[in-house]
Amino acid sequence: MSDSDEDNDLLFRLMQKNAAKIMDNVPWAKALGFELTGIEKGRAFAKVPWREDLVGDPDSGVIHGGVLTALLDNLCGVASNTALREPKSMATLDLRIDYMRPAEKGRDILAEAECYHLTRNVAFTHAWAYHETREKVIATAAGAFALNDISRWASGNEAVEYARKMLSEKPS
Amino acid sequence: MTRAEDLQAFLDRTPFAQFLGMRCEIMGDEMTTVLPFQKKFLGNVAINAMHGGCSGAFLELTAMAQVFLLSDLKRPPKPINITIDYLRSAKGEDLYARAIVHKLGRRMASVRAEAWQAEREKPVAALQAHFLVAEDG
């Protein structure tokens with residue numbers, strides 16, 4: 001394994017170890033009740049339980065599209081993070097959502113995202129939201145994320161400092 | 001009831017609009033929506049940036065409200081798709097938005113909305129959306 005492969009692996013293992021906390025550091029994800037249920041290299045999975053206060057159509061009880069936007073945006077970001085070879089900060093460049101069918105009242109929404117291409121500056125992603133399987137999809141997303149050098153971040157960010165520390169203490 | 005009152009009544013009984021706490025300021029057929037800042041809107045606390053999913057949801061509701069205001073629909077239009085461009089980092093401050101309905105047809109509406117904070121000429125996000133406006137759809 002080359003050095004960069006080791007870093008790569010280490011970054012991902014760090015994310016896996018802290019997967020349960022990833023959404024906790026994002027107030028809007030926490031407010032909407034997002035749960036990260038798993039990550040793989042370049043992929044992320046999440047769940048959002050149905051909640052009365054997230055309903056966008058009071059007559060049908062359907063969850064508002066804006067909740068799906070936030071969920072798929074966030075999950076695409078996480079999937080991109082798992083694909084990174086070095087820690088970088090990330091900002092959504094654009095996001096397209098297609099609404100295929102309404103979510104059903106009272107049911108959890110599941111989602112998965114995939115980062116299918118990565119360049120120095122941009123991560124390209126797809127995501128799906130559904131109740132059971134991707135074949136019966138509620139909404140799909142396509143998002144591009146701008147990747148920025150981590151040194152431009154405000155210092156004192158816990159996650160960044162932690163990643164830096166771990167990377168400088170590479171196990172042999 | 002006027003169209004503006006219909007819209008307000010719909011927002012008042014829509015849980016997610018209440019969860020966001022958004023407001024509509026309507027002057028005739030013109031509308032500006034306001035999203036008073038709350039801490040839960042943040043996506044990145046360290047750099048005090050609002051979550052893209054929050055500004056996106058606000059823009060989608062703004063676009064929907066504008067279509068509702070200009071149409072005679074009994075129920076709010078259903079979104080078909082949306083594209084959001086994130087132009088600048090939205091800070092932890094109040095957010096404002098306006099929407100323009102480019103076309104209101106018998107079945108589809110095409111809408112553009114922009115959100116800004118301190119300067120109207122420096123939008124933080126722009127949304128392009130299509131809505132289904134057919135009552136039987």
Side-chain angles (χ1 to χ4, degrees), chain A residues 24-32 34 51-77 89-102 139-146 148 152-161, chain B residues 9-22 35 38-64 74-90 92 124-132 137:
Chain A
D24 287 352
N25 290 327
V26 183
W28 188 235
K30 219 176 158 184
L32 299 178
F34 298 169
R51 236 169 59 192
E52 182 77 51
D53 56 357
L54 305 182
V55 166
D57 181 348
D59 298 323
S60 65
V62 169
I63 296 267
H64 193 270
V67 177
L68 292 170
T69 305
L71 175 69
L72 299 181
D73 176 41
N74 212 128
L75 205 57
C76 284
S89 79
M90 196 169 284
T92 319
L93 203 56
D94 71 356
L95 185 73
R96 176 189 166 114
I97 312 270
D98 288 291
Y99 297 106
M100 312 302 188
R101 56 166 65 78
T140 60
F145 290 77
N148 297 310
R152 288 177 52 196
W153 267 34
S155 62
N157 179 284
E158 212 177 307
V160 174
E161 296 301 331
Chain B
F10 171 74
L11 292 174
D12 286 347
R13 65 188 196 92
T14 298
F16 190 64
Q18 298 301 309
F19 184 77
L20 275 171
M22 75 178 268
L35 185 71
Q38 299 179 47
K39 280 202 175 112
K40 69 181 178 188
F41 295 162
L42 293 176
N44 188 325
V45 179
I47 59 170
N48 189 37
M50 204 184 279
H51 196 290
C54 181
S55 39
F58 174 58
L59 277 170
E60 187 180 326
L61 268 163
T62 300
M64 194 213 72
K74 289 182 200 70
R75 299 174 40 71
K78 290 188 187 125
I80 298 167
N81 55 35
I82 61 168
T83 305
I84 308 166
D85 286 348
Y86 293 97
L87 306 168
R88 293 176 179 81
S89 166
V124 296
L127 165 133
Q128 172 69 49
H130 292 103
F131 289 93
L132 194 64

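Nothing here was measured: the structure is a model prediction, and the numbers come from that model. In what follows, chains are A, B, ... by sequence order, proteins preceding strands, each numbered from 1.
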Task: Structural part of A:D94 lying under 4.5 Å from a heavy atom of chain B - done: both

Open item on the list: Taking the side chain as everything from C-beta on, heavy atoms only, tell me whether A:P27 gets closer than 4.5 Å to B:V45.
Closed with: yes

Open item on the list: I'd like to verify something: which residue of A:V62, A:L71, A:V55, A:N74 has the highest number of heavy-atom pairs under 4.5 Å with chain B?
Closed with: A:V55

Open item on the list: Could you check whether any side-chain heavy atom of B:N81 comes within less than 4.5 Å of a side-chain heavy atom of A:R96, counting everything from C-beta outward?
Closed with: yes

Task: Salt bridge flag under 4.0 Å for residues B:R75 and A:D57 - done: yes

Task: side chain to side chain donor-acceptor pair (under 3.5 Å) involving B:D85 - partner list, sequence neighbours excluded - done: none

Open item on the list: Looking at every heavy atom in both A:T92 and B:Y86, which two are closest together, and how far apart are they?
Closed with: O-CB, 3.0 Å

TODO: Could you check if a side-chain atom of B:T83 sits within less than 4.5 angstrom of a side-chain atom of A:L95, using non-hydrogen atoms only?
DONE: no

Open item on the list: For B:L20, which atoms come within 4.5 Å of any heavy atom of chain A: side chain, backbone, both, or neither?
Closed with: side chain

Task: Minimum side-chain heavy-atom gap A:R51-B:F19 below 4.5 Å - done: yes

Open item on the list: Tell me which of these, B:A126, B:A17, B:P79, B:A49, has more heavy-atom pairs under 4.5 Å with chain A than the rest.
Closed with: B:P79

- [ ] Flag the pair B:F16 / A:L32 as yes when at least one side-chain heavy-atom distance between them is below 4.5 Å, and no otherwise.
- [x] yes

Task: Among A:P58, A:G66, A:A31, residue most engaged with chain B (heavy-atom pairs, under 4.5 Å) - done: A:P58

TODO: Heavy-atom distances under 4.5 Å only: say whether B:I80 touches chain A with side chain, backbone, both or neither.
DONE: backbone

- [ ] Before giving the answer on side-chain contact (heavy atoms from CB on, under 4.5 Å), spell out for A:D53 and B:Q18 the whole-Å C-alpha distance, their side-chain angles and the decisive distance to 0.1 Å.
- [x] CA-CA 8 Å; A:D53 56 357; B:Q18 298 301 309; over 6 Å; no

TODO: Measure the spacing between NZ of B:K74 and CG of A:D59 and express it to the nearest 0.5 Å.
DONE: 13.0 Å

- [ ] Look at the rings of A:W28 and B:F41 and say which category their plane angle falls in: under 30° parallel, 30 to 60° tilted, over 60° perpendicular.
- [x] perpendicular

